[in-house]
Asks: 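Take a look at this one; I'll ask things after.
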Amino acid sequence: MAYLSDFLPYVLPYLPGCSTPLAEMTIRQICIDFCNHSQVVQVQLDPMDIIKGETVYDIETPNGSETVFIRQAYFRGGLMPIINGIDAICFPSTTPPGIPTALQQKENNAFELDRPSANDFPQSLLMLVSIRPTRNTNVVADVLLNDYAYGIGQGVIGRLALMPGQAFSNPGMAAVANEAYLRCRTEARIRAGKEFAIMSTRIKPRQFR
């Protein structure tokens, strides 16, 4: 994991007089925005247990992170449909127990099955998710620093240089920096789409009998 402070060399030289706490807070905000839009940070989670009678489950993402989207899920060896975004629905609470056939991402880093399971299925659910930093973390995924430090730094500069009445206020520089950030974010999203296609083929769910 990389620390927020690792990004400071890409920010503070361009913003004379900017405090470290303000810079780090904005670095965190830009990293969250970057992950929300690019989905470049993706992880395959450990197999999860499905518990008899339960429909709502927490998603166990790495420390300091939370889920942006569930990208892919396998249940008992088969691909499980994912309901997200504008397709979100309310699963009927009266649905009788059986074999879950779909899941829906929920707020607070959780998901819900379309029906309670009629049996326990240990380590039966595999998920590939995109993640972002939480709003109180001081660490982020290494890929953000190793591959996108300059672009993220430009996003921070673009946001802070728009603050009025500061020694580092510079609307002209902010516009140029923000353009560079948006270009980097778009390139990362394209990369994430390609890597998702590769990563999804690496999930090898076990066959359940």
Side-chain angles (χ1 to χ4, degrees), residues 1 28-141 143-144 185 188-209:
M1 302 294 283
R28 184 190 297 112
Q29 293 171 346
I30 294 297
C31 284
I32 291 172
D33 177 82
F34 193 85
C35 291
N36 281 341
H37 287 85
S38 71
Q39 299 186 50
V40 74
V41 184
Q42 300 178 15
V43 293
Q44 182 177 330
L45 304 180
D46 292 335
M48 294 183 59
D49 297 338
I50 296 302
I51 307 301
K52 179 179 178 179
E54 297 291 331
T55 56
V56 179
Y57 296 81
D58 293 329
I59 303 174
E60 298 295 335
T61 49
N63 288 338
S65 69
E66 60 188 10
T67 304
V68 180
F69 283 113
I70 302 172
R71 300 297 301 263
Q72 196 168 61
Y74 282 90
F75 176 57
R76 302 178 69 214
L79 191 64
M80 174 172 271
I82 302 165
I83 302 170
N84 283 329
I86 60 174
D87 297 323
I89 61 174
C90 181
F91 292 137
S93 59
T94 56
T95 303
I99 300 297
T101 59
L103 64 82
Q104 180 167 244
Q105 187 173 337
K106 308 289 285 185
E107 294 180 353
N108 301 319
N109 217 38
F111 69 90
E112 181 181 12
L113 299 176
D114 62 340
R115 66 175 60 208
S117 177
N119 301 99
D120 290 334
F121 293 106
Q123 297 187 333
S124 60
L125 182 66
L126 293 174
M127 293 197 300
L128 177 69
V129 303
S130 58
I131 60 174
R132 65 189 172 209
T134 59
R135 296 193 178 277
N136 59 1
T137 187
N138 290 316
V139 296
V140 298
V143 67
L144 298 180
R185 196 179 71 180
R189 184 174 182 85
I190 294 170
R191 171 185 173 181
K194 293 178 180 177
E195 291 188 349
F196 168 66
I198 295 173
M199 290 180 68
S200 63
T201 63
R202 295 177 181 166
I203 299 180
K204 302 296 184 182
R206 293 173 296 171
Q207 294 297 321
F208 286 77
R209 298 179 185 275

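All heavy atoms count here, side chains included; hydrogens, waters and symmetry mates do not. Along the sequence shown, residues carry numbers from 1.
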Asks: Would you say the side chain of Arg191 lies within less than 4.5 Å of the side chain of Ser38, judging by non-hydrogen atoms?
Replies: no
Asks: Just so I know, are the side chains of Asp120 and Ile50 near enough to count as touching, which here means a heavy-atom distance under 4.5 Å?
Replies: no
Asks: Does the side chain of Glu112 come within less than 4.5 Å of Leu103's, by heavy atoms?
Replies: no
Asks: What distance do Leu79 atom CG and Leu126 atom CG have between them, rounded to the nearest 0.5 Å?
Replies: 11.0 Å
Asks: Between Arg185 and Asp33, is there a side-chain N and carboxylate O pair less than 4.0 Å apart?
Replies: yes
Asks: How about Leu45 and Val129: do any of their side-chain heavy atoms sit closer than 4.5 Å?
Replies: yes
Asks: Between CZ of Phe34 and CG of Leu144, what distance do you get to the nearest 0.5 Å?
Replies: 6.5 Å
Asks: Any chance you could measure Gln104, atom CD, to Asp114, atom CG, to the nearest 0.5 Å?
Replies: 10.0 Å
Asks: Any side-chain heavy-atom pair from Ile59 and Met127 closer than 4.5 angstrom?
Replies: yes
Asks: Will you find, in the side chains of Asn138 and Arg28, an N or O donor that is under 3.5 Å from an N or O acceptor?
Replies: yes
Asks: Between the main-chain N or O of Thr134 and the side-chain N or O of Thr137, is there a donor-acceptor pair closer than 3.5 Å?
Replies: no
Asks: Working to the nearest 0.5 angstrom, can you tell me the gap between His37 NE2 and Ile32 CD1?
Replies: 12.5 Å
Asks: Nearest 0.5 Å, please: how far is CD in Gln42 from CZ in Arg71?
Replies: 4.5 Å
Asks: Out of curiosity, Leu128 CG to Ile82 CD1, how far, rounded to the nearest 0.5 Å?
Replies: 8.5 Å
Asks: For Ala188 and Val40, which heavy atoms make the closest approach, and how far apart are they?
Replies: O-CG2, 3.9 Å
Asks: Run through Ser65, Cys35, Cys31 and flag the one making a side chain to side chain contact (heavy atoms under 4.5 Å, CB included) with Val41.
Replies: Cys35
Asks: Does Gln123 reach the main-chain N or O of Pro47 with its side chain, forming a donor-acceptor pair under 3.5 Å?
Replies: no
Asks: Evaluate the side-chain proximity of Phe111 to Thr67: yes if any heavy-atom separation is below 4.5 Å, no if none is.
Replies: no
Asks: Are any non-hydrogen side-chain atoms of Gln39 and Phe69 less than 4.5 angstrom apart?
Replies: yes
Asks: Does anything in residues 52-64 form a side-chain hydrogen bond (donor to acceptor under 3.5 Å, both in side chains)? List the pairs, not counting sequence neighbours.
Replies: Thr61-Asn109
Asks: Applying side chain to side chain contact (heavy atoms under 4.5 Å, CB included), run through Arg76 and Ile99 and close with a yes or a no.
Replies: CA-CA 10 Å; Arg76 302 178 69 214; Ile99 300 297; 3.9 Å; yes
Asks: For residues Asp49 and Ser124, determine if any side-chain heavy atom of one lies less than 4.5 Å from a side-chain heavy atom of the other.
Replies: no
